[in-house]
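Shown next, in C-alpha cells, is the structure this report addresses.
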Amino acid sequence: MDIKKFQGVIPAFYACYDQQGNISPEGTRALVRHLADKGVRGLYVGGSSGECIYQSVEERKVVLENVMAEAKGRDLTIIAHVACNNTKDSQELAAHAESLGVDAIASIPPIYFHLPPYGIAQYWNDISAAAPNTDFIIYNIPQLAGVALTIPLLQEMLKNPRVIGVKNSSMPTQDIQMWKDEGGENFVVMNGPDEQFISGLAMGATGGIGGTYAVMPELFLKVWDLFHQGKMAEAAKIQNEICRIIYKLCSAHGNLYAVMKEVIKQQYGLDMGGVRAPLANLIESDKAVVDACSKQIQDAIAKYC
C-alpha cells in the first residue's frame with residue numbers, strides 16, 4: 001500500500017444542493033475544482049460534513065459519481081464514506097464506490113442500537129466484502145456514533161487485510177498513538193478533530209480529515225508544512241488561530257456547515273445551498289457571524305500564508 005496518498009490535508013466534502021434542496025451535480029463538481037486548486041491531498045466524501053445520514057442511497061451515489069468525474073486526472077486521494085444504518089445499503093454504497101475506483105472506503109459503526117464488538121466487526125467486514133478490491137478505513141467517532149473503537153476490536157479488524165487505517169475523531173490524541181502502535185509503521189491514522197490537528201500530527205497521525213478544512217484549506221496546509229519543517233511554534237500560532245475561527249463558526253444560530261457554505265459563497269462565489277433539515281439553516285442575524293468569520297479567515301491567510 002502507498003501510504004503517501006494518505007499523508008496530508010484531506011477536507012471532508014460538503015453536501016451541495018440546488019435551490020430546491022436536491023443534490024447539485026454542478027455545485028459538487030465546482031467544489032472539487034476549488035479544493036483541488038487549493039492544493040489539498042484528497043477528499044473525504046459522504047461523511048458527517050456531507051450530511052450523509054440525511055441523504056438517500058441514490059443521492060449519495062450521485063455525489064460520489066460527480067466527485068469522481070471531476071477528480072479524474074487530478075492527483076487527489078478519494079475516500080468514500082459508505083456507512084448507512086443497515087448493512088444492505090452500506091454494501092450497496094461500498095460496491096458502487098469500488099466500481100468508481102475510489103482509493104478507499106470508510107465506515108462508522110452502526111448507530112442507535114449499540115452493538116457488541118463482534119456485531120460491529122461483522123458489520124464492517126460485511127461492508128468490506130462488498131468492495132473486496134478496495135482498502136477499508138475504520139471511522140472512530142464515539143461522541144456521535146455512541147460506541148468507541150477499542151484495541152481488541154481493532155485487533156479483530158486487522159485480520160481483514162483490506163483494513164489499512166483509522167479516521168480518528170475521538171478527542172484523546174492518545175488514541176492516535178494506540179492505533180498507530182497496534183497497526184504498525186504503514187498503518188494509516190488520520191486526525192479527526194480540527195482543533196487539535198497539530199497535536200494529532202505530533203502523536204503520529206498520517207494526515208488529517210476535517211470538517212472545517214474546506215473553508216480555510218490554506219491554514220491547514222500551512223500548519224502541515226510548518227510541522228514537517230520542525231517549526232512548531234509557528235505552526236502552533238496558526239493552530240490557535242484556526243481554533244478561534246472554529247469557535248466563531250459555531251456561534252451562529254445556523255448549523256456550522258450552513259455557516260461555512262455561506263463563507264465560501266461570500267469569498268469565492270460557490271453556491272452550495274444550505275443544509276438539509278433537521279439541520280438549521282442561517283437566519284438574518286447570522287450574517288454578522290458569516291462576515292466576521294470571513295474576515296478572520298482572510299486576515300489569518302494574509303498574516304500566515
Quiz item: Does the side chain of S49 come within less than 4.5 Å of F13's, by heavy atoms?
Solution: no
Practice problem: Starting at OH of Y118, measure out to CG of L153 and round the result to the nearest 0.5 Å. | Solution: 13.0 Å
Quiz prompt | Same apolar cluster (I L V M F W Y, side chains within < 4.5 Å links), M157/Y139 | solution = no
Quiz prompt | From CA spacing to verdict: salt bridge (Lys or Arg N to Asp or Glu O under 4.0 Å), D291, K295 | solution = CA-CA 6 Å; D291 291 344; K295 186 175 188 306; over 6 Å; no
Quiz item: Can you check whether G200's main-chain N or O pairs, donor with acceptor, with T173's side chain at less than 3.5 Å?
Solution: no
Exercise. Group every Ile, Leu, Val, Met, Phe, Trp and Tyr by side-chain heavy-atom contacts under 4.5 Å, then state whether L249 and M272 land in the same group.
Key: yes
Quiz prompt | Salt bridge flag under 4.0 Å for residues R276 and E59 | solution = yes
Exercise. Output yes when E284 and K287 qualify as a salt bridge under the 4.0 Å nitrogen-oxygen rule, no when they do not.
Key: no
Quiz item: Atom CD1 of I198 and atom NZ of K237: how far apart are they, to the nearest 0.5 Å?
Solution: 12.0 Å
Quiz prompt | Distance-only donor-acceptor check, side chains D126 and Q122, under 3.5 Å | solution = yes
Exercise. Indicate if V62 and V102 have the same hydrophobic cluster label, given that clusters are the connected sets of ILVMFWY residues with side-chain heavy-atom separations under 4.5 angstrom.
Key: yes
Practice problem: Please find out if less than 6.0 Å separates the ring center of F197 from that of Y213. | Solution: yes
Practice problem: Report yes or no: does N66 contribute a side-chain atom to a donor-acceptor pair with the main-chain N or O of T28 at less than 3.5 Å? | Solution: no
Quiz item: Is any side-chain N of the basic residue among R41 and D75 closer than 4.0 Å to the acidic one's carboxylate O?
Solution: yes
Quiz item: Of the non-hydrogen atoms in N281 and V275, which two are nearest, and what is the gap between them?
Solution: OD1-N, 2.8 Å
Quiz item: Out of curiosity, L31 CG to L270 CG, how far, rounded to the nearest 0.5 Å?
Solution: 6.5 Å
Quiz item: Just checking, any donor-acceptor pair under 3.5 angstrom between side chains of Q229 and D225?
Solution: no
Exercise. Give the C-alpha distance, both sets of side-chain angles, the deciding distance and a yes or no for salt bridge (Lys or Arg N to Asp or Glu O under 4.0 Å) between R29 and E26.
Key: CA-CA 5 Å; R29 293 187 181 217; E26 296 79 10; over 6 Å; no
Practice problem: Taking the side chain as every heavy atom from C-beta outward, state whether P278 and Y54 have any pair of such atoms under 4.5 Å apart. | Solution: yes
Quiz item: Hey, mind stepping through E98 and T134 against side chain to side chain donor-acceptor pair (under 3.5 Å) and telling me if it holds?
Solution: CA-CA 6 Å; E98 179 167 282; T134 303; 2.7 Å; yes
Self-check item: Atom pair CH2 (W224) and CD1 (I238), whose distance is rounded to the nearest 0.5 Å
Solution: 14.5 Å
Practice problem: Would you check if the side chain of R74 reaches a backbone N or O of E70 as a donor-acceptor pair within less than 3.5 Å? | Solution: yes
Practice problem: Could you tell me whether the side chain of D89 and the main chain of V57 form a donor-acceptor pair under 3.5 Å? | Solution: no
Quiz item: Does a donor on one side chain sit under 3.5 Å from an acceptor on the other, for Y123 and S90?
Solution: yes
Self-check item: Common cluster, V82/F6, ILVMFWY with side-chain heavy-atom separation under 4.5 Å
Solution: no
Quiz item: Taking only residues two or more places apart in sequence, or in another chain, which ones meet K72 in a side-chain hydrogen bond (donor to acceptor under 3.5 Å, both in side chains)?
Solution: none
Quiz item: Can you find a pair of side-chain heavy atoms, one from Q239 and one from E234, that are under 4.5 Å apart?
Solution: no
Quiz prompt | Side chain to side chain, D135 and I105, heavy atoms closer than 4.5 Å | solution = no
Quiz item: Under a 4.5 Å cut-off applied to non-hydrogen side-chain atoms, are V259 and D286 in contact?
Solution: no
Quiz item: Do L219 and M260 share a hydrophobic cluster, counting only Ile, Leu, Val, Met, Phe, Trp and Tyr and linking them when any side-chain heavy atoms are less than 4.5 Å apart?
Solution: yes
Quiz item: With side chains defined as the heavy atoms from C-beta onward, is the minimum distance between T87 and Q91 less than 4.5 Å?
Solution: yes
Practice problem: With K167 as the cation and Y44 as the aromatic partner, state whether NZ or CZ is under 6.0 Å from the six-membered ring centre and within 45° of the axis. | Solution: yes
Quiz item: K248 and A292: which non-hydrogen atoms are nearest, and at how many Å?
Solution: CE-CB, 3.7 Å
Quiz item: Do V40 and I10 have side-chain heavy atoms sitting under 4.5 Å apart?
Solution: no
Exercise. Answer yes or no: is there a side-chain heavy-atom contact under 4.5 Å between L93 and H81?
Key: no
Quiz prompt | Main-chain N/O of H96 paired to S99 side chain as donor or acceptor, under 3.5 Å | solution = yes
Quiz item: Looking only at atom types and distance, does a side-chain atom of W124 sit under 3.5 Å from a main-chain N or O of I108, one as donor and one as acceptor?
Solution: yes
Quiz item: Does G274 offer a backbone N or O that forms a donor-acceptor pair with the side chain of K261 under 3.5 Å?
Solution: yes
Quiz item: Does L282 offer a backbone N or O that forms a donor-acceptor pair with the side chain of E262 under 3.5 Å?
Solution: no
Quiz prompt | Nearest-0.5 Å distance, OG of residue S169 to CD1 of residue I141 | solution = 4.5 Å
Quiz item: What is the distance from atom CH2 of W179 to atom OG of S170, rounded to the nearest 0.5 Å?
Solution: 6.5 Å
Quiz item: Would you say D175's side chain and N168's backbone share a donor-acceptor pair under 3.5 angstrom?
Solution: no
